[in-house]
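Structure incoming, see below.
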Number of protein chains: 2
Amino acid sequence: MENKLREEIDFAKGDGLVPVIVQDYQTRDVLMLAYMNQEAWEKTQETGKAHYYSRSRGKLWLKGEESGHFQEVKKTLIDCDNDTLVLQVDQQGSGACHMGYRSCFFRTKMREGWQISDKRLFNPDEVYNK
Amino acid sequence: MENKLREEIDFAKGDGLVPVIVQDYQTRDVLMLAYMNQEAWEKTQETGKAHYYSRSRGKLWLKGEESGHFQEVKKTLIDCDNDTLVLQVDQQGSGACHMGYRSCFFRTKMREGWQISDKRLFNPDEVYNK
């Protein structure tokens, strides 16, 4: 089955986009899920800083461009189907989440529902211009 | 912004599906990316074993039903937008990847391209009936 492995990222399957799992390279916490198109991939390779494609805004997005919370890419992995990436990053600043947490996954399923299981590190109103 | 947090998983945004990042609860390696619909979510809650929705086969899928490599769910997290999950699992058997690796992310980006950076643990031909 090894010969099924290909070199190119399969952007076609997801209409030009691949999901990107972003993981803190030290704590190994999952920080966020984002998407890349070909251009975001190339910009990330050129600069070493994570660029994504924002589906809601319909444009290329340098993570941290507004908050200063850039993500320096330490390691990139690809899955067996060539259609999903893992970026292991050095998360600059206080966090990846626009709600003020280190990770977007700051709530855990408990018997009584989703409970906040992480500490808020910054006030988004002071970081983002809204 | 806290009051934007909702209790329900937002299946509607992704046409009935949410992406699920599956992480080994001990090594914290990312094992795979899968998708759940409402039914897969409910089956997972009922049984404690990860169920997904297979987009290629168009049906509910108990991870491990063919290989015996079940995933026991230890912890579930949800992101700030309520549209992505992280499952931290106890991966039974040798691995999550149908190509014989512990993780589907067994290749790392190097100067010369994607290089296999993990050890193959089982022969898929002996595990899956194809």
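These values consider heavy atoms only, across backbone and side chains, with no hydrogens, waters or symmetry-generated copies. Protein chains get the first letters and strands the later ones, always in sequence-line order, with residue 1 at the start of each.
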## Note on the structure
When the 4.5 angstrom heavy-atom criterion is applied to Gln45(A) and chain B, the contacting part is side chain

#### Entry: Joint cluster assignment, Leu62(B) & Val89(B), ILVMFWY side-chain distance < 4.5 Å
no

### Message
Same cluster or not: Val20(B) versus Tyr53(B), using hydrophobic residues (I, L, V, M, F, W, Y) connected whenever any side-chain heavy atoms lie under 4.5 Å apart?
### Response
no

### Message
If I measure from the heavy atoms of chain A, does Gln88(B) come under 4.5 Å with its side chain, its backbone, both, or neither?
### Response
neither

### Query
Using a cut-off of under 4.5 Å for heavy-atom pairs, which of Thr27(A), Ile21(A), Leu85(A) has the most such pairs with chain B?
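Max contact count across the listed options: Ile21(A).
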
### Query
Which pair of non-hydrogen atoms, one from Phe105(B) and one from Thr84(A), has the smallest distance, and what is that distance?
CE2-O, 3.5 Å

### Task
Could you tell me which residues satisfy side chain to side chain contact (heavy atoms under 4.5 Å, CB included) with Thr76(B), sequence neighbours excluded, listed by chain and number?
Lys109(A), Trp114(A), Trp41(B), Val73(B), Leu87(B)

### Approximate separation, where rounding is to 0.5 Å, of Asp81(B) CG and Met32(A) CE
10.0 Å

### Query
If Ile, Leu, Val, Met, Phe, Trp and Tyr residues are connected whenever their side-chain heavy atoms lie under 4.5 Å apart, and connections chain through other members, are Met36(A) and Val22(A) in the same group?
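Yes, it is one cluster - the side chains of Met36(A) and Val22(A) are joined through contacts under 4.5 Å.
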
### Query
chain A heavy atoms under 4.5 Å from Ser117(B): which part of the residue, side chain, backbone, both or neither?
side chain

## Note on the structure
Result for side-chain contact (heavy atoms from CB on, under 4.5 Å) between Arg107(A) and one of Asp79(B), Leu77(B), Leu5(B) points to Leu5(B)

### Query
Can you tell me if NZ on Lys13(A) sees more than 12 non-hydrogen neighbours from other groups inside 6.0 Å?
yes

### Message
Quick check: do Pro19(B) and Pro19(A) have side-chain heavy atoms less than 4.5 Å from each other?
### Response
no

### Task
Output the option from Leu33(B), Thr108(B), Ile78(B), Val30(B) having the highest count of non-hydrogen pairs under 4.5 Å with chain A.
Ile78(B)

### Task
Check each atom of Glu7(B) against the heavy atoms of chain A and say whether the ones under 4.5 Å are side chain, backbone, both or neither.
both

### Message
Using the rule that Ile, Leu, Val, Met, Phe, Trp and Tyr join whenever any side-chain heavy atoms are under 4.5 Å apart, tell me whether Phe11(B) and Trp61(B) fall into a single cluster.
### Response
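Yes.
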
